[in-house]
Every structure is written in C-alpha cells, then in structure tokens.
Asks: 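Below: one structure in structure tokens.
Order of appearance sets the numbers: ligands from 1, and atoms from 1 within every ligand. Quick caveat: nothing in here was measured; it's all calculated off a predicted structure. Quick note: numbers below take in every heavy atom, side chains included, and nothing from hydrogens, waters or symmetry partners.
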Amino acid sequence: MVQKVADNVVLIGFMGVGKGRTARELAKRTGYFAVDTDDMIESMVKKKIRKIFSEKGESHFRALEQRAADWLEKNVTGTIVSTGGGFFMVNNIQRLGSVIYLHASVENIISTIHKHPKAEKKIKKRPLLQDLDAAKALYDKRLPLYRQAAHHEVVVEGK
Ligand code: S3P
C-alpha cells in the first residue's frame, strides 16, 4: 500500500453513490473545504463532462483526471476531495490522502438515482450511465478495484 503524502480525505466510489454529498456534509462538520475533481476538470477546460466525452473521448477525460490528481498532490492539503467514479484509476491515488471507498449495491445506487426528482438530469450528465446493463457490468468490474485502491470502506447503502 502506497504511503499517503498529502493530508486530504479522498472519497471514491461508483457514480451516484453520494461522494459529493458526503464531501459537502463532512466539510460542513469539520470546517474543511471540499473540492470535487469533476468540477475542477469542468472549470479547467470550460466544458461539461458530457461534452468532454463526446468531443474528445474517455481517454482524454482520464488524462484530465490524472492532471487533476497531480495538481492536488502538489498543492492541496487538509481538504475533502470528492471524485468522479473512475478517478480511483489515477496513479498512486493514496498519495493524495486517506482514500475512503463509499459502498452501496448497484441496485440501491440505480434505484436512488431513478427516484431523485432530477433523475433525468443526473443520468444525462453521466456518459457511462446511459446503458443500464453496461453500467452494471462496469460496477462489477470496478468493485474489487475500488476496494484495492482504498484505505477504508464505508457502507452508505440506505443512508
Ligand atoms: C465517471 C463518473 C462521473 C464522471 C464521468 C466518469 C466514471 O462522476 O467523472 O462521467 O467513470 O465512473 P460521478 O461518479 O460523480 O458520477
């Protein structure tokens, strides 16, 4: 396991599990600032994630995630970092701080998104959530990898 270098809390997990919401709540309770890697990327390139995927493809987006990770590692400490669902794949994520995997079952995640008043918007903005079967397969593939990347796991199902 890679030693942490920066003193941040980094939340990882599948799309829609509540990483951003959890980060904002933790920030409120601790007085830390919260930053979100998707927000960082959107403001860096002045484009929505959906557009980055459709115009430049997923691999370009992953390269932007790596840039965001490198910047965080060099410049940010004492911060709650929420991440996109694939951010855990950056090199040495554990150097950014304590990595916490937020876990819920895929059924719970999908049904929570579908019950949300803004469900349509929430699905539309996530390119990898367009096809339900593909999203479930992605969840199965990633589950062991999230666990491998994290220092800790917190079950958030139903919370
Ligand atoms: C992605 C998750 C999204 C966003 C992008 C790719 C993924 O973030 O980074 O659409 O690969 O799982 P959320 O987890 O906030 O939906």
Asks: In terms of atom number and element, which parts of ligand 1 are under 4.0 angstrom from non-hydrogen atoms of Leu128?
Replies: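 It comes down to these atoms of ligand 1: 7 (C), 11 (O).
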Asks: Give a yes/no on ligand 1: does Arg142 have at least one heavy atom closer than 4.0 angstrom to it?
Replies: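 Yes, that is the case, since the closest heavy atom of the residue is under 4.0 Å from the ligand.
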Asks: Between Arg62, Glu58, Lys19, flag the one that comes closest to atom 11 (O) of ligand 1 by a heavy atom.
Replies: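 Among Arg62, Glu58, Lys19, the closest heavy atom to atom 11 (O) of ligand 1 belongs to Arg62.
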Asks: Could you list the atoms of ligand 1 found under 4.0 angstrom from a heavy atom of Ile49?
Replies: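 The atoms of ligand 1 under 4.0 Å from a heavy atom of Ile49 are 5 (C), 10 (O).
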Asks: To which protein heavy atom is atom 4 (C) of ligand 1 closest, and what is the distance rounded to 0.1 Å?
Replies: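 Heavy-atom neighbour on the protein nearest atom 4 (C) of ligand 1: Asp38 OD2, 3.3 Å.
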Asks: Which of the atoms in ligand 1, numbered in the order shown and given with their element, are less than 4.0 Å from a heavy-atom of Pro127?
Replies: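 The list of qualifying atoms is 10 (O).
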Asks: Considering all heavy atoms of both residues, which atom of Ala23 and which atom of Ala34 are nearest to each other, and what is their separation?
Replies: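 So the two residues come closest at O-CB, 3.9 Å.
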Asks: Looking only at side chains, do Thr37 and Glu65 share a donor and an acceptor under 3.5 Å apart?
Replies: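 There is no such pair between these side chains.
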Asks: Could you report the tightest heavy-atom contact between Leu102 and Thr22, atom names first, then the distance?
Replies: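 Closest heavy-atom pair between Leu102 and Thr22: CD1-OG1, 3.6 Å.
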Asks: How far does CD of Glu42 sit from NZ of Lys48, to the nearest 0.5 angstrom?
Replies: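 It comes to 4.5 Å.
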Asks: Can you figure out which of Gly85, Gly18, Gly13 has its heavy atom closest to atom 2 (C) of ligand 1?
Replies: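 Going through Gly85, Gly18, Gly13 one by one, Gly85 has the nearest heavy atom to atom 2 (C) of ligand 1.
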Asks: Give yes or no for whether the N/O distance cutoff of 3.5 Å, strictly under, is met between Lys125 and ligand 1.
Replies: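 There is no such contact.
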Asks: Report, in ascending order of atom number, the atoms of ligand 1 lying under 4.0 Å from any heavy atom of Arg126.
Replies: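 Contacts of ligand 1 toward Arg126, numbered from 1: 13 (P), 15 (O), 16 (O).
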Asks: Describe, in one word, how the ring planes of His103 and Tyr139 are oriented to each other, choosing from parallel (under 30°), tilted (30 to 60°) and perpendicular (over 60°).
Replies: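 Plane angle between 30° and 60°, so tilted.
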Asks: So, are Lys124 and Glu120 salt-bridged, with charged N and O less than 4.0 Å apart?
Replies: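 Not counted as a salt bridge, because no side-chain N and carboxylate O are separated by less than 4.0 Å.
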Asks: Using a cut-off of 6.0 Å, state whether more than 12 heavy atoms not belonging to Arg62 lie near its atom CZ.
Replies: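 Yes.
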Asks: Distance alone, cut at 3.5 Å: any donor-acceptor contact between the side chains of Ser82 and Asp36?
Replies: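 Yes - a donor-acceptor pair under 3.5 Å links their side chains.
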Asks: Which atoms from ligand 1 have a heavy atom of Gly86 less than 4.0 Å away?
Replies: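 Per the distance check, 7 (C), 11 (O), 12 (O).
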Asks: Does Phe61 have a non-hydrogen atom less than 4.0 Å from ligand 1?
Replies: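 A heavy atom of Phe61 does come that close to ligand 1.
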Asks: Is the closest N or O pair between Phe14 and ligand 1 shorter than 3.5 Å?
Replies: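 Among all N and O atoms of Phe14, none is under 3.5 Å from an N or O of ligand 1.
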